[in-house]
K.L.:
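Have a look at this one.
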Amino acid sequence: MQNRNRRWLKIWNKKGKNLKTKKLQDLINTNGFDSHTGKFNTKNWKKYIFSIEKKFKIRTGSLILEYGCGSGAFLFYFRKKKFIVYGIDYSRELIRKAKKVISPNFLKIGEYQKIKQFKKKFDIIISNSVFHYFKDLDYSKKVINEMSKNLSKNGKIIILDIPDINKKSRYFKDLNLKLGKKGLKKIISKKDHLFYSKLFFKKIGKKLKLKTIVADQEMRRYTNSKYRFNVCL
């Protein structure tokens with residue numbers, strides 16, 4: 001594991017250890033939505049996931065796997081609606097806390113290689129606000145490839161909250177205006193987040209023979225939304 005990944009793992013494990021409740025707002029915050037660059041309250045969080053459910057036509061009863069599930073805030077919504085949900089995350093501490101809100105047998109610790117250990121084909125494999133933490137584009141390709149192997153017939157891969165490389169300079173310019181140079185250095189560096197072109201996903205979709213839908217985010221109350229997009233394969 002590269003130093004960058006170790007550093008992020010340390011951050012997520014710390015967040016997991018500090019999580020003391022099963023309240024949805026705390027689960028949301030622990031999943032990384034507690035900073036100047038992006039916040040959600042429970043009301044807007046539910047609206048966000050509902051919009052994804054409708055836009056990408058996630059049918060009731062679908063078997064869902066979330067890659068990078070963290071403390072379970074995203075799966076919490078679908079579990080309440082009686083979906084069968086599974087999750088995987090590389091943070092032991094976050095998975096330990098997620099097991100308190102999601103069935104323990106449906107969660108695993110690990111990276112993309114562990115997806116096959118579920119021994120299931122999923123209708124939906126979803127990843128929310130995770131891909132920008134990856135080390136490089138090659139790793140992203142490997143994740144998507146493994147996801148595709150574990151899809152049911154007519155299944156969908158849904159990747160959300162992807163930083164748009166065409167909006168990268170605008171993102172850091174706006175962030176600098178908001179936080180100042182010192183504040184920006186404390187919050188994030190240009191090396192911390194991986195940015196993507198929409199063409200990157202279209203090429204992968206073509207190679208895997210999956211129809212690709214790319215859509216800009218439209219969550220007004222989520223600061224990062226105007227710099228990010230969503231993909232469905």
Side-chain angles (χ1 to χ4, degrees), residues 1-50 52-53 64-112 114-115 117-118 124-135 143 158-163 179 183 186-189 192-194 219 221-225 228:
M1 186 181 290
Q2 293 186 352
N3 290 335
R4 182 176 179 277
N5 281 17
R6 288 195 190 98
R7 181 160 51 81
W8 277 115
L9 180 58
K10 185 178 179 180
I11 290 170
W12 297 124
N13 278 336
K14 183 178 179 181
K15 282 178 173 287
K17 287 180 180 178
N18 291 338
L19 180 62
K20 305 299 181 185
T21 77
K22 293 189 287 185
K23 292 180 179 179
L24 179 56
Q25 186 62 61
D26 293 323
L27 298 177
I28 294 168
N29 293 344
T30 303
N31 273 10
F33 297 99
D34 59 347
S35 69
H36 293 287
T37 58
K39 291 183 178 181
F40 274 104
N41 58 35
T42 56
K43 182 180 179 180
N44 290 330
W45 181 253
K46 290 174 183 177
K47 282 184 177 180
Y48 168 59
I49 302 177
F50 178 75
I52 297 301
E53 181 185 3
I64 297 177
L65 169 67
E66 183 182 7
Y67 183 82
C69 65
S71 60
F74 204 89
L75 292 178
F76 184 89
Y77 170 91
F78 288 105
R79 189 169 183 270
K80 286 287 186 181
K81 295 188 72 173
K82 307 302 181 183
F83 284 81
I84 300 174
V85 297
Y86 290 74
I88 184 170
D89 198 281
Y90 76 155
S91 169
R92 184 177 297 274
E93 290 298 327
L94 288 178
I95 286 291
R96 187 165 66 87
K97 295 302 172 67
K99 285 181 176 180
K100 295 181 178 181
V101 290
I102 310 294
S103 177
N105 295 330
F106 294 178
L107 299 169
K108 289 189 182 295
I109 302 164
E111 301 188 52
Y112 69 91
K114 291 287 185 76
I115 294 175
Q117 291 189 19
F118 286 106
I124 303 292
I125 299 181
I126 200 162
S127 190
N128 179 54
S129 199
V130 170
F131 269 58
H132 53 286
Y133 295 118
F134 293 164
K135 59 185 179 181
V143 173
I158 301 173
I159 304 168
L160 306 171
D161 206 31
I162 306 165
L179 303 176
K186 288 180 180 179
I187 299 298
I188 194 172
S189 75
D192 276 336
H193 283 182
L194 190 61
M219 283 298 296
R221 290 180 174 81
Y222 175 44
T223 306
N224 279 339
S225 187
R228 300 194 172 178

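The figures here come from the full heavy-atom set of this structure, side chains too, leaving out hydrogens, waters and symmetry mates.
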K.L.:
For Tyr133 and His193, work out which heavy atoms get closest and say how close.
P.N.:
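Shortest heavy-atom separation between Tyr133 and His193 comes out as CE2-NE2, 3.8 Å.
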K.L.:
Rounded to the nearest 0.5 Å, what separates atom CD1 in Ile162 from atom CG in Leu194?
P.N.:
10.5 Å
K.L.:
Using modelled atom types only, decide if a donor and an acceptor are shared between the side chain of Asn44 and the backbone of Phe40 within a distance under 3.5 Å.
P.N.:
no
K.L.:
Do Phe106 and Phe118 come close enough that some side-chain heavy atom pair is under 4.5 Å?
P.N.:
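A side-chain contact under 4.5 Å is absent here.
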K.L.:
Got a second to check how far Arg228's CZ is from Thr223's OG1, nearest 0.5 Å?
P.N.:
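Going from CZ on Arg228 over to OG1 on Thr223, the span is 10.5 Å.
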K.L.:
Distance from Leu75 atom CG to Ile64 atom CD1, nearest 0.5 Å?
P.N.:
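Going from CG on Leu75 over to CD1 on Ile64, the span is 7.5 Å.
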K.L.:
Counting only heavy atoms from other residues, nucleotides and ligands, does the tally under 6.0 Å from NZ of Lys108 exceed 12?
P.N.:
yes
K.L.:
Counting distance only, does the side-chain N/O of Lys114 pair as donor-acceptor with the main-chain N or O of Ile88 below 3.5 Å?
P.N.:
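Checked: no pair found.
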K.L.:
Could you note down all residue pairs passing salt bridge (Lys or Arg N to Asp or Glu O under 4.0 Å) where residues 71-90 supplies at least one of them, sequence neighbours left out?
P.N.:
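Passing the test, one end in residues 71-90: Glu53-Lys81.
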K.L.:
Nearest heavy-atom pair of Gly70 and Ala98: which atoms, and what distance?
P.N.:
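So the two residues come closest at O-CB, 3.5 Å.
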K.L.:
So, the side chain of Trp45 versus the backbone of Ala73: is there a donor-acceptor pair under 3.5 Å, distance only?
P.N.:
yes
K.L.:
So, taking the atom named OG1 in Thr21 and the one named CG in Asp26, what distance separates them when rounded to the nearest 0.5 Å?
P.N.:
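Rounded to the nearest 0.5 Å, the OG1-CG separation comes out at 3.0 Å.
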K.L.:
Does some side-chain heavy atom of Tyr77 sit less than 4.5 Å from a side-chain heavy atom of Phe50?
P.N.:
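Sidechains of Tyr77 and Phe50: in contact.
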K.L.:
Report the residues that fulfil salt bridge (Lys or Arg N to Asp or Glu O under 4.0 Å) with Lys15, sequence neighbours left out, ordered by chain and then residue number.
P.N.:
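Lys15 satisfies salt bridge (Lys or Arg N to Asp or Glu O under 4.0 Å) with Asp34 once adjacent residues are dropped.
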K.L.:
If you measure only the distance, is there a donor-acceptor pair under 3.5 Å linking the side chains of Tyr48 and Asn128?
P.N.:
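Per modelled atom types, Tyr48 and Asn128 side chains form a pair under 3.5 Å.
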K.L.:
I need the minimum non-hydrogen distance between Asp161 and His132, along with the two atoms involved.
P.N.:
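Closest heavy-atom pair between Asp161 and His132: O-ND1, 3.8 Å.
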K.L.:
Looking at Ile49, Ile84, Ile124, which hits side chain to side chain contact (heavy atoms under 4.5 Å, CB included) with Phe78?
P.N.:
Ile49
K.L.:
So, do Glu66 and Tyr86 sit near enough that their side-chain heavy atoms are less than 4.5 Å apart?
P.N.:
no
K.L.:
Would you say Lys97's side chain and Gly16's backbone share a donor-acceptor pair under 3.5 angstrom?
P.N.:
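Judged by distance alone, yes, a pair lies under 3.5 Å.
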K.L.:
Is there a side-chain contact between Cys69 and Leu94, using heavy atoms and a 4.5 Å cut-off?
P.N.:
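They are not in contact (no side-chain heavy atoms under 4.5 Å apart), so the answer is no.
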K.L.:
Please examine the side chains of Phe131 and Val143, heavy atoms only from C-beta on, and report whether any two atoms are closer than 4.5 Å.
P.N.:
yes
K.L.:
Work out which heavy atom in Ser225 is nearest to a heavy atom in Met219; give both atom names and the distance.
P.N.:
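Minimum heavy-atom contact is OG-N, 3.0 Å.
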K.L.:
Using 0.5 Å steps for rounding, measure from the OG atom of Ser71 to the CD atom of Glu93.
P.N.:
12.0 Å
K.L.:
Return yes if some donor-acceptor pair links the side-chain N/O of Tyr67 with the main-chain N/O of Ile125 below 3.5 Å, else return no.
P.N.:
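Not at all, since once roles are kept as given, no pair shorter than 3.5 Å links the two residues.
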K.L.:
Hey, could you give me the CZ/CD1 distance between Arg92 and Ile109, rounded to the nearest 0.5 Å?
P.N.:
4.0 Å
K.L.:
Is any side-chain heavy atom of Leu19 closer than 4.5 Å to a side-chain heavy atom of Leu27?
P.N.:
yes
